[in-house]
Amino acid sequence: MVQALNAAMDIMLGRDANVVVFGEDVGYFGGVFRCTEGLQRKYGPSRVFDTPIAEAGLLATAVGMGAYGLRPVVEIQFADYIYPATDQLISEAARLRYRSVGDFTAPITVRAPCGGGIFGGQTHSQSPEAIFTHVCGLTTVIPSNPYDAKGLLISAIEDDDPVIFLEPKRLYNGPFDGHHDRPVTPWTEHPAGEVPDGYYTVPLGKASVVRSGEAVTVLTYGTMVHVAMTAVAESGVDGEVIDLRTLIPIDIDTIVDSVRKTGRCVIVHEATRTSGFGAELSALVQENCFYSLEAPIVRVTGWDTPYPHSLEWDYFPGPKRVAEGLRRAMEG
Amino acid sequence: MVQALNAAMDIMLGRDANVVVFGEDVGYFGGVFRCTEGLQRKYGPSRVFDTPIAEAGLLATAVGMGAYGLRPVVEIQFADYIYPATDQLISEAARLRYRSVGDFTAPITVRAPCGGGIFGGQTHSQSPEAIFTHVCGLTTVIPSNPYDAKGLLISAIEDDDPVIFLEPKRLYNGPFDGHHDRPVTPWTEHPAGEVPDGYYTVPLGKASVVRSGEAVTVLTYGTMVHVAMTAVAESGVDGEVIDLRTLIPIDIDTIVDSVRKTGRCVIVHEATRTSGFGAELSALVQENCFYSLEAPIVRVTGWDTPYPHSLEWDYFPGPKRVAEGLRRAMEG
Amino acid sequence: MKNAVPLRLHVPEPPARPGQEADFSWVKVPPAGTVTRPDIAVDPYEIRRHAYELIRVLDDNAAAVGPWDPRLDAETVRRGLRAMMLTRAYDERMFRAQRQGKTSFYMRCTGEEAVGVGQAMALDDRDMTFPTYRQQGLLITRGWSLVDMMNQVFSNTRDRLKGRQMPIMYSSKEAGFFSISGNLATQFSQAVGWAMASAIKGDDRIAAGWIGEGATAEGDFHHALTFASVYRAPVILNIVNNQYAISSFQGIAGGERTTFAARGLGYGLPSLRVDGNDFLAVYAVTRWAADRARANLGSTLIELFTYRAAAHSTSDDPSKYRPADEARHWPLGDPIERLRAHLVARGEWSDERHGQLAAEVDGEVRDALREAESYGTLGTGEHHSPATMFDDVFKEMPWHLRRQRQELGY
Amino acid sequence: MKNAVPLRLHVPEPPARPGQEADFSWVKVPPAGTVTRPDIAVDPYEIRRHAYELIRVLDDNAAAVGPWDPRLDAETVRRGLRAMMLTRAYDERMFRAQRQGKTSFYMRCTGEEAVGVGQAMALDDRDMTFPTYRQQGLLITRGWSLVDMMNQVFSNTRDRLKGRQMPIMYSSKEAGFFSISGNLATQFSQAVGWAMASAIKGDDRIAAGWIGEGATAEGDFHHALTFASVYRAPVILNIVNNQYAISSFQGIAGGERTTFAARGLGYGLPSLRVDGNDFLAVYAVTRWAADRARANLGSTLIELFTYRAAAHSTSDDPSKYRPADEARHWPLGDPIERLRAHLVARGEWSDERHGQLAAEVDGEVRDALREAESYGTLGTGEHHSPATMFDDVFKEMPWHLRRQRQELGY
Ligand SMILES: Cc1ncc(C[n+]2csc(CCOP(=O)(O)OP(=O)(O)O)c2C)c(N)n1
Ligand SMILES: Cc1ncc(C[n+]2csc(CCOP(=O)(O)OP(=O)(O)O)c2C)c(N)n1
Ligand SMILES: [Mg+2]
Ligand SMILES: [Mg+2]
């Protein structure tokens, strides 16, 4: 997935002279996860550069550059470190088009590795997406595989408004199925690991049905797409697994069609439960599919605690917990 | 309500030498909403003082003071300006007890006026509570009347963990019924406007049923409690109006008892809808009351736009929109 | 190793509070013309002392003296005087309009007119500005339409911002005036980003940002100086030290033991402190900083030392926290009066011409007001359709906003 | 008014990259003993130049010279040497433990031992410290149990932090060592708050905060200096300039055109720059700053000029971004070697005693490791019960966490 993200930035730097890429350690070094490797050498230090450690400064300069007419692609080293930038994101980037009636815009892409599963402890494992979904004016995207990652990142860079692009770091090197005690499969063995060369897009705002099923709809995104697939396989429940890909704007039609068909719904995310994006999904499903629902909607999520270092696999909503959720949804 | 808040701080400054009150303009001047008037004169400038304009600095020093053993009560001049402090709030105050296993704690109260209705435009009208409810370790409180405001603020100050205390500024001077074109009633004419002298508490985590009803449960808080009451009166729908008072931890029992009785639920808040706290309430209600629900849960909220200056009454979910929501819930 | 005395908290106190005599004895006012004017290529380290001086051009006889005298021709100076008078007349009229219920809120820049006006004149009109809410003088100097500004203040049917922003939060890309934010300080580091973009593109336009001395405490201020210094961004960073942040005197912002200009020293930025009520000095330092930026020499920090003569805003009553007559004691006088005296001293102005000009700018404001009011005021409630509320949240309206607009009945 | 040349962005570049020759020619190393030592009551303005000097005590012959010589007795110096050696031995052993799969992560402070150790010795044990992840020397100097530290690194059954924190994120109220945060810079301004609290209570304990030169770019750094200056908080603010922030050389953090100590000048704080590999100098400036704080004279900013000799962390490979042998060229040498040479020069040390001490600290680490491993390691998976995950989110567990704990089966 790292190569797919790198390719997306490479292509956009090449196609559009207004694209610039910057962040902490992204220049010469190529980023702590190597996502920007080689880009500075190729496009020079005024297109791809290191910055001081100041996430709010990164976002603020990106807003200024956006107002000028550039398309900044900013890396926040870990999603956990995006909080210093929330004011610039919420009060500025997300509001700029509105408050200036389109005179000034902020076509910024904010990339940030999110999620746990690498023993990163509470400050290298968070999934803060719900916060951004509450902020009108922000688009929030989380890919689950290299093909989508590249296509969605190109769409995000081309989007004329700010996009929060969260990259599940547990997926950088393979489609993690949720069994941390088994060997990692590389992306090369996964169909969506195949990434075409060159430019293509995956549209923002469109979910993908990664598995059709009749029994229950599973709404999920990021790492949990693969975990949900494992849970479906292991539980034998005929789940329809939907990879939301974009959280805002949400692809309501795909969700509603599926839940109307299955009559049941399980929502899976890694973030803490309370007021997580699962809450909004649950509200939307019951508002739009109330008369189709045969059982309560089930949320399988991270606990409402910080992500603990040594207990991360007890925190992580793995295949067992998801399967348990599927069964609960079927019984209800 | 301003006097009630002032009294709560006055009492706690008097009772506990570890209580300190600070923020922008709160010292000599007594705060832009006058909530801290007279406190510096009474307790001296090292207990009640002005600070530089740096919300993150306010919170950071509060965390340090909390680690020392003080109980800081911090004012953020408008809730809209809390975003620069999110990192100190989320990554630090909310996590400190957990990461140090109780060795260090952050018994901080963060007061901030929230909500619209005073032509404050998009940066003096926001209701950011949902964000805090997603952060484990934070308690979020929103009072709807002077009696509760005083009792809840005292509880918040006494609480050993960080509390976000949002004060609906439209209620500072009276129980706003949602009809902006009618004269304002002062608190003196409202039963909950009567505030006992001296120390008392209203417990955190407990909702209040402000009107019993049989037809539909209305879950709300802050300014919208009064608007909901108006809507119930004007629509003739026999709503049971619940003032949640504390959002986290939420009083699930009161909610579930009511919805099981009425079979219907309307959620009302002023904040933008998507991923607002209404989403979590909706999810909780359907998880806990699925088999009692006779109609879809209805959310009546602010729109997913910034709070516009001249159109604020079109943005505000007033009695008409709430009444419409009640009718929808009854029809469903 | 223990201390002999218990520790204690120092909380800065202003020299005078209501009921006490105004006290500006702490303000050191050096004679005009005494601060050196270095070459723009100077090593910032060599001019560290400038951060503690006060660059002044107008002397006690209203003559322009010393190396910072920009030697402006009389016509240019009269243009500056006119823009300052127009700014003040506009402010006074809008203040009254608010009091008359025509809008919800207003903020004047009374006593600080030399900042917006003098700096706008020293910049190129194509340079980009990231102002605070107290630099309406920039727009006025650039000849922006008063009617358009009033439409914004009134949130009326012709308000280009569609009533979305509070009064005075202007925005005009055409005038190179960035959308004002209600959040303090955020625009200061954005200005640096804009300037970096201009440098990345090999453009020739520079940027300028403004911040109040109170707001310098925000992290954004630090980010601005850091990024400006690291990338040598072509940006002028202006601190308007008007002594107050609402009720808090500048000591609360950190001005008790040093100057605000000195903040720039630690970043290796040349840092100048200027008499903000001296139009010519303001013009000169701004021009110096602009020349540096244009020559790829990087950013300059300027402290404009001035005084907020009026209330913070229409919601504020300064007699609650400072001596009621404090403004009269401000030792640097009034920028308009000082420039008027200068022109008179040059033999380029008279009381009569001044009276004419005052009447002229009043008339201009009155005419604009008449027109703007014809498009409605917040008080009369004529404004854009509520349907417009859902536009521009995103470039393209997503389904959920369309649905919400329908819910509202549009 | 237009520029003759197009604007361009300046992006700082380090003097040498992998494959190039290490280059520290830009480091000015003044002779030891040349910087004056002012009285603690000095007006900070008077010692502005100190921010650009380099306070050094150990001269080329390893003799202690000049006004900053703290004149420590040999026993104290040996204590310092021992603590530095113990810190290094601990680091090396834990680094290997990580490589052996006993834990997930580790960070060494190799080459920077004089910071944590020298400063801990200059402070009172009751003073409160707000360190970064590279001041493990503080804990070790204060005699904190190595076993306890290892338990934390291994997240084992005796880890007081119950496996919640990543390795090296120690916390000990008893040792006056604030809980390490994964978020850079946040603790710097918290240190100021703690110091303000101590002052509010009329206590006698002061605080000290640390930050890396890279993290000084965060807003929290600015808030710390602002609040420390405004309230004259009894806090020592330390910048550890080890030349790198992961892969970024200090120029990216703003060190190209000035020093990090200079950042303090704009806040009116006395700002000292010290040879961070000179134990005696580090001790002396820290003591000076502590004395100031205790005397209610307020805060001091210290830049500790040093070099990160090892990788950023076990996840890092510095040969990717700097010359592989750069550490060997660092002109300020190694703090342990320099202090050893000093003791030898004083006739208070020998190769033999040094060898004995090295063996002794190795043994101490080995014994501690054996005990800690008996409580489990992350690799062996012995840790606290998952039920504990739900504790301490709040003081009292609310219903939703109880319910979630049940869901997990506890
Ligand atoms: C982030 C933020 N915090 C607080 C406020 C409230 N506020 C508005 S103006 C002001 C004072 C600003 O003072 P200063 O920066 O000196 O500018 P001046 O008003 O003097 O021009 C404050 C605290 C705000 N608008 N934004
Ligand atoms: C807010 C935040 N942003 C980014 C990071 C990622 N990060 C961890 S250490 C580091 C470099 C810090 O460098 P410096 O402050 O110089 O300290 P040093 O490692 O040299 O001791 C970075 C960028 C973080 N932990 N927190
Ligand atoms: Mg001011
Ligand atoms: Mg460093």
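Side chains are part of it too, since the values below use all heavy atoms of this structure and drop only hydrogens, waters and symmetry mates. Order of the sequence lines sets the chain letters (A, B, ...), proteins ahead of strands, with each chain counted from 1. Here the structure is a predicted model, which means the values were calculated and not measured.
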Centroid separation under 6.0 Å, is that true for the rings of A/Tyr28 and D/Tyr321?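 Centroid distance D/Tyr321-A/Tyr28: not below 6.0 Å, so no.
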
Winner by heavy-atom pair count (cut-off under 4.5 Å) against chain A, out of [options]:
| options | value |
| --- | --- |
| D/Leu184, D/Asp316, D/Asp392, D/Ile252 | D/Ile252 |
| D/Lys162, D/Arg8, D/Met166 | D/Met166 |
| D/Arg17, D/Lys320, D/His10 | D/Arg17 |

Please look at [X] and chain D and tell me whether the side chain, the backbone, both or neither of the residue comes under 4.5 angstrom of a heavy atom of that chain.
| X | result |
| --- | --- |
| A/Arg47 | neither |
| A/Pro84 | side chain |
| A/Gln77 | side chain |
| A/Tyr307 | backbone |
| A/Glu324 | neither |
| A/Phe119 | both |
| A/Thr274 | side chain |

Roughly how far, to the nearest 0.5 Å, is the CD atom of D/Glu407 from the CZ atom of A/Arg273?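 The CD atom of D/Glu407 is 4.5 Å from CZ of A/Arg273, to the nearest 0.5 Å.
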
To the nearest 0.5 angstrom, please state how far the CG atom of D/Leu408 sits from the CZ atom of A/Arg321.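 Going from CG on D/Leu408 over to CZ on A/Arg321, the span is 6.5 Å.
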
Applying side-chain contact (heavy atoms from CB on, under 4.5 Å) to A/Glu24 and D/Ile246, what does each step give before you reach the verdict? CA-CA 9 Å; A/Glu24 299 157 13; D/Ile246 308 185; over 6 Å; no

If I compare all heavy atoms of [X] with all of [Y], which pair ends up nearest, and what's the gap?
| X | Y | answer |
| --- | --- | --- |
| A/Pro45 | D/Val11 | O-CG2, 3.3 Å |
| D/His383 | A/Asp314 | CE1-OD2, 4.5 Å |
| D/Glu218 | A/Ala54 | OE1-CA, 3.7 Å |
| D/Gly182 | A/Tyr81 | O-OH, 3.0 Å |

Does CZ in D/Arg99 sit with more than 12 non-hydrogen atoms of other residues, nucleotides or ligands closer than 6.0 Å?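 Atom CZ in D/Arg99 is packed in, count exceeds 12.
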
Give a yes or no on this: more than 12 heavy atoms of other residues, nucleotides or ligands lie within 6.0 Å of atom CZ of A/Arg34.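 Counting other residues, nucleotides and ligands, CZ of A/Arg34 exceeds 12 neighbours.
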
Where do D/Leu401 and A/Thr305 land on the side-chain contact (heavy atoms from CB on, under 4.5 Å) test, with the steps shown first? CA-CA 8 Å; D/Leu401 284 170; A/Thr305 74; 3.9 Å; yes

Would you please test D/Phe221 and A/Ile53 for side-chain contact (heavy atoms from CB on, under 4.5 Å) and show each step? CA-CA 11 Å; D/Phe221 173 77; A/Ile53 302 171; over 6 Å; no

D/Val393 vs A/Pro306 side-chain heavy atoms within contact, under 4.5 Å: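 Yes, side chains in contact.
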
Side chain proximity check, A/His309 to D/Leu161, heavy atoms < 4.5 angstrom: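 Not in contact.
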
Do the side-chain N and O atoms of A/Thr123 and D/Asn183 include a donor-acceptor pair separated by under 3.5 angstrom?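 Side-chain D/A pair, A/Thr123 to D/Asn183: absent.
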
